[in-house]
Amino acid sequence: MGLFTRITDTAAEVTGHAALTRDIRNAVEGGDQEAAATFRTGTLAAALTTKGCNARGQEVADYVEKVVAVDGDGRRAGWLNR
């Protein structure tokens, strides 16, 4: 893998996680209590470290489980589908 590919891949990861972080923030500001209680991993940790990426992935799974438990379905978590 060349240096240019590594740089563009990293930029894509950071961009994608930044967008997800904005969506999380919007959900929390919109009153989504499950989102507020679940998401803790920051953009850079999620994009640049294996531990952060795994943590964010687990947070997504936990969030969907919480939404289904409260709402009875996962429709409210649809914003995760980018």
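All heavy atoms count here, side chains included; hydrogens, waters and symmetry mates do not. Bear in mind that the values here come from a model prediction, so they are computed numbers and not experimental data.
- Note that CD of Glu59 and CG of Asn54 are 11.0 Å apart. Values are rounded to the nearest 0.5 Å.
- For the atom pair Thr43 OG1 and Arg25 CZ, the distance stands at 7.0 Å (nearest 0.5 Å).
- Counting all heavy atoms, side chain and backbone alike, Ala35 lies closest to Tyr63 at N-CE1, 3.4 Å.
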Which atom pairs, one a donor and one an acceptor, fall under 3.5 Å between side chains of residues 10-20 and the rest of the protein, sequence neighbours left out?
residue	atom	partner	partner atom	Å
Thr10	OG1	Arg6	O	2.8
Thr15	OG1	Ala11	O	2.8
His17	ND1	Arg56	NH1	3.3

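- Residues Leu48 and Val60 do not share a hydrophobic cluster, clusters being chains of Ile/Leu/Val/Met/Phe/Trp/Tyr side chains in contact below 4.5 Å.
- Panel note: side chain Asp71, backbone Asp73; no donor-acceptor pair is recorded below 3.5 Å.
- Interatomic distance, Trp79 CH2 to Asp23 CG, rounded to the nearest 0.5 Å: 6.0 Å.
- Distance check: Lys66 NZ to Gln33 CD gives 11.5 Å after rounding to the nearest 0.5 Å.
- The two residues Gly74 and Val67 come nearest to each other via the heavy atoms CA-CG1, 4.4 Å.
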